[in-house]
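Remarks on the structure that follows.
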Amino acid sequence: LILYLRDRRMVRAQLERECRARDFYSGFYLSRSSDGRLCVDRDVLQSRSGANCKLSELRQLVGLSR
């Protein structure tokens, strides 16, 4: 999944192996943690269709200058 953050950064979120990113294309829910951060192996995304998946990796995407 590609997440577009409020500060205009883009982050690639990798889900657990058994999860399909396609289930999250129509949107998802995320409970805000007490520290306000999005963390791997802690936070769970819930798709609007009901699937629950834990984040396994987060990477910031950066454009290349030409």
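All residue numbers refer to positions in the sequence shown, counting from 1.
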**OP:** Output, in order, the C-alpha distance, side-chain angles, deciding distance and verdict of side-chain contact (heavy atoms from CB on, under 4.5 Å) for Glu57 and Arg12.
**Re:** CA-CA 8 Å; Glu57 183 179 344; Arg12 180 180 63 96; 3.2 Å; yes
Original post:
Hey, mind stepping through Leu58 and Leu38 against side-chain contact (heavy atoms from CB on, under 4.5 Å) and telling me if it holds?
Top reply: CA-CA 9 Å; Leu58 290 172; Leu38 184 61; 4.1 Å; yes
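Taking CD from Glu18 and CZ from Arg20, the interatomic distance works out to 12.5 Å, rounded to the nearest 0.5 Å. For the atom pair CD (Glu16) and OG (Ser56), the distance works out to 7.0 Å, reported to the nearest 0.5 Å.
Across all non-hydrogen atoms, the minimal contact from Cys19 to Asn52 is SG-O, 4.0 Å. Between Asp43 and Leu30, the shortest heavy-atom distance links the atoms CB-CD1, 4.2 Å. What you find for Phe28 and Arg48 is that their closest heavy atoms are N-NE, 4.1 Å. Residues Asp23 and Ser49 come closest through the heavy atom pair O-OG, 4.0 Å.
Note: the hydrophobic cluster containing Leu61 does not contain Leu15 (ILVMFWY, side chain heavy atoms under 4.5 Å, direct or indirect links). Met10 is not connected to Phe24 by any chain of hydrophobic side-chain contacts under 4.5 Å among Ile, Leu, Val, Met, Phe, Trp and Tyr, and they are in different clusters. In this structure, Leu3 is not a member of the same hydrophobic cluster as Val44, with clusters built from ILVMFWY side-chain heavy atoms closer than 4.5 Å. Put simply, Leu5 and Leu1 are part of the same group of oily side chains (I, L, V, M, F, W, Y) that touch within less than 4.5 Å, one to the next.
In this structure, a donor-acceptor pair under 3.5 Å is present between the side chains of Ser33 and Arg42.
No more than 12 heavy atoms of other residues, nucleotides or ligands shown are found within 6.0 angstrom of CZ on Arg22.
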